[in-house]
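Ligands are counted one by one from 1 in listed order, and the atoms in each one are counted from 1 as well.
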Amino acid sequence: MTTPTRTSNRPKRGEGQWALGYREPLNPNERMKKDSDGLEVRQRIIDIYSKSGFDSIDPGDLRGRMRWMGLYTQRAQGIPGGKTAVLEPEELEDKYFMMRARIDGGQLTSDALRVIGGISTDFGRDVADVTDRQNVQYHWIRIEDVPEIWRRLESVGLSTMEACGDVPRVMLGCPLAGILEDEILDATDVIAETVAKYVGNPEFSNLPRKWKTSMSGCVDHCTEPEIDDVSFVGVVNEAGEAGYDLWVGGGLSTNPMFAQRVGVFVRPDQVTEVWAACTSVFRDYGYRRQRNRARIKFLIADWGPEKFRQVLQDEYLHAALPDGPAPAPAKHDQRDHVGVSRQKDGLNAVGFALRTGRITGSLLTTIANLADEYGQGRIRTTTQQKLVILDVPDEKVEALVAALAEHDLQVRPSAFRRGTMACTGLEFCKLAIVETKQHAQDLYAELEKRLPDFDVPIGINVNGCPNSCARFQTADIGFKGSMVKDDNGEMVEGFQVHLGGHLGVEATFGRKFRGHKVTKAETADYCERVLRGFLDRRTPGESFAH
Ligand code: SF4
């Protein structure tokens with residue numbers, strides 16, 4: 001007879017699921033959300049805080065509900081990474097905000113991009129970041145300027161509503177949706193319908209944690225559905241009908257997990273309803289007791305996709321969805337839409353690399369003007385911190401490539417520049433341990449010098465802490481910020497290295513090797529060693545990832 005383990009007969013401790021009766025807030029975050037819905041902060045910003053200034057902001061709003069309006073307090077300048085964990089929040093922050101404007105599906109007009117650029121120039125010290133979730137993030141924002149920023153954004157159909165917080169964040173879509181010949185279907189309308197109906201809707205303004213969505217029929221899976229909380233992935237069923245395969249439970253941060261297929265086929269006209277039902281399952285059954293278990297990936301890990309499907313159908317949709325096929329693997333390894341792509345109408349989409357997403361507001365305005373001059377005023381953001389100008393006729397492509405290059409915006413960047421991403425990092429992020437944006441730019445520039453002929457795609461993702469906003473686990477070479485010992489035994493900024501992560505067929509998270517820690521000063525040497533080793537050993541046609 002085997003002896004039962006100590007915990008095997010105990011009832012499982014509640015995880016704070018509303019559907020099981022755990023309605024009393026179980027931690028300060030849940031208390032904050034119950035005390036006042038996050039959406040209510042908008043009116044207080046307009047009526048009180050923007051008029052009375054930073055010091056008038058209620059602490060629960062300042063470090064909690066402001067996020068529902070896309071606002072985070074900004075890291076105070078000059079505080080080193082080693083202090084991040086030991087200082088109180090008020091010691092870490094200054095009186096400015098980071099502000100995120102959501103760009104659902106990455107779709108912008110030139111007028112909208114001029115407004116985005118103008119806001120950065122007028123209110124954000126001319127700094128902006130194009131993020132890896134198709135948003136634009138500002139820094140140096142004063143609370144006094146927020147109502148005017150909102151007025152400008154709303155004049156072009158944009159907002160900061162639910163850009164952060166425990167809510168439905170920006171919904172990712174393929175930047176070339178509706179444009180490429182080989183796409184499975186165009187998700188533009190289903191994104192727009194879902195956003196219009198549910199963003200800013202109190203029905204979903206108190207979720208257990210963030211809720212990341214993608215909806216796309218891109219053959220390259222450019223929205224990276226493997227790591228979103230809920231994804232609608234384009235497929236064609238046996239009857240030849242285009243629709244979506246539903247995936248749930250992806251996410252990175254400290255416990256990375258890949259999304260799992262639920263196994264159902266969702267018609268385009270059902271997407272908004274099915275999305276709302278998935279979101280309701282997360283709201284009602286998601287774990288709320290511990291913040292670090294409050295993403296849906298933990299629920300899916302416990303339930304499995306079969307139980308999720310059963311609850312979704314029985315309790316929320318009240319109907320069964322048909323079984324559906326798995327999507328075809330991504331057609332291309334690189335999912336960034338950089339370069340010149342032929343549109344189905346014979347025009348061209350011209351995608352280009354910024355410098356790890358960092359840009360000025362003035363340059364965003366210039367890009368908007370170039371989109372008018374060379375295209376038809378349509379611009380897209382990608383999930384790789386890049387931009388795409390659409391509708392460029394053949395005879396104007398090279399002139400646009402040259403005009404962009406004048407501003408160091410590269411349509412044909414080196415493998416290193418193309419494949420390097422960086423999160424916000426120590427410059428502005430209160431959670432950061434390491435500076436990232438400038439370091440990543442210096443790193444790709446150095447690798448361009450040392451390995452000028454490197455000719456295969458390579459992903460190098462630089463992150464300032466374990467939260468993995470720039471996805472260190474899915475890069476060929478992923479850097480996770482931490483304090484490390486240098487040769488003199490001093491603790492300095494550095495990185496834990498994760499090697500060999502990739503998405504797609506045989507998706508795998510990068511492996512953390514014992515001892516693979518480098519100081520910032522050693523990162524270029526480290527990358528060079530790894531990449532030269534690959535060049536020496538590779539077989540003809542071999543990519544770095546496989
Ligand atoms: Fe900040 Fe960490 Fe996210 Fe970088 S990974 S932006 S340092 S929370």
Side-chain angles (χ1 to χ4, degrees), residues 29 63-64 66-67 70-87 89 92-94 96-102 127-141 163-166 169-170 209-210 212 224 227-229 251-256 291-292 294-295 355-358 383-385 420-441 443 459-475 477-484 492-498 501 509-510 512 520 523:
N29 282 286
R63 299 187 194 98
M66 284 287 185
R67 289 180 280 149
L71 290 155
Y72 285 94
T73 50
Q74 180 170 297
R75 187 187 186 93
Q77 298 297 291
I79 296 185
K83 294 278 185 192
T84 299
V86 296
L87 292 178
L92 262 178
E93 69 201 7
D94 61 21
Y96 296 95
F97 291 89
M98 298 195 287
M99 177 188 248
R100 198 175 287 160
R102 63 185 297 151
V127 179
D129 289 328
V130 175
T131 76
D132 59 4
R133 290 195 73 78
Q134 299 185 295
N135 295 310
V136 167
Q137 186 162 293
Y138 300 114
H139 307 285
W140 299 111
I141 298 299
C164 317
D166 297 351
R169 306 277 187 98
V170 65
R209 274 205 71 184
K210 64 177 96 169
K212 295 181 170 182
E224 314 212 319
I227 53 172
D228 287 316
D229 294 296
L252 295 178
S253 197
T254 44
N255 276 290
R291 254 342 243 170
N292 60 5
R295 295 286 294 278
R355 292 177 286 272
T356 61
R358 174 58 52 83
T383 62
Q384 311 278 341
Q385 303 180 337
T420 301
M421 294 205 302
C423 75
T424 303
L426 191 76
E427 194 181 3
F428 299 116
C429 175
K430 287 187 297 180
L431 303 177
I433 302 165
V434 177
E435 190 281 324
T436 51
K437 285 280 187 202
Q438 187 59 50
H439 181 66
Q441 292 172 34
L443 177 62
I460 301 174
N461 292 356
V462 182
N463 292 257
C465 84
N467 283 318
S468 197
C469 296
R471 316 196 284 250
F472 62 81
Q473 297 101 331
T474 61
I477 303 176
F479 287 114
K480 176 181 82 178
S482 66
M483 300 303 285
V484 302
V492 297
E493 283 185 33
F495 300 96
Q496 166 78 58
V497 185
H498 290 239
F509 293 121
K512 182 171 79 174
K520 280 180 92 173
T523 48

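Summarising the geometry of Ile79 relative to Leu426, their closest heavy-atom pair is O-CD1, 3.9 Å, with the distance given to 0.1 Å.
If you check which protein heavy atom lies closest to atom 4 (Fe) of ligand 1, you get Cys423 SG, 2.3 Å. Ranking protein heavy atoms by distance to atom 5 (S) of ligand 1, first place goes to Cys469 N, 3.4 Å.
The closest side-chain heavy-atom distance from Thr254 to Asn292 is not below 4.5 Å.
Against a heavy-atom cut-off of under 4.0 Å, Ser468 is close to the following atoms of ligand 1: 5 (S). Remark: ligand 1 atoms within the under-4.0 Å shell around heavy atoms of Thr424 are 6 (S).
Evaluation of the ring pair (Phe, Tyr, Trp, His ring centres under 6.0 Å) rule for Phe428 yields His139, Trp140 as partners, not counting sequence neighbours.
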Worksheet item: Taking it one step at a time, do Phe479 and Val497 satisfy side chain to side chain contact (heavy atoms under 4.5 Å, CB included)?
Response: CA-CA 5 Å; Phe479 287 114; Val497 185; 3.8 Å; yes

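A salt bridge is defined here as a Lys NZ or Arg NE, NH1 or NH2 lying under 4.0 Å from an Asp or Glu carboxylate O, and Asp228 with Arg169 fails to meet this definition.
Within the 4.0 Å heavy-atom criterion, neither part of Pro466 lies near ligand 1.
Screening Arg291, Lys210, Lys212 against Asp166 for a salt bridge (charged side-chain N to carboxylate O under 4.0 Å, His left out) leaves a single residue, Arg291.
Between atom 2 (Fe) of ligand 1 and Cys465 there is an N/O/S contact shorter than 2.8 Å. Backbone or side-chain N, O or S atoms of Cys429 reach atom 1 (Fe) of ligand 1 at under 2.8 Å.
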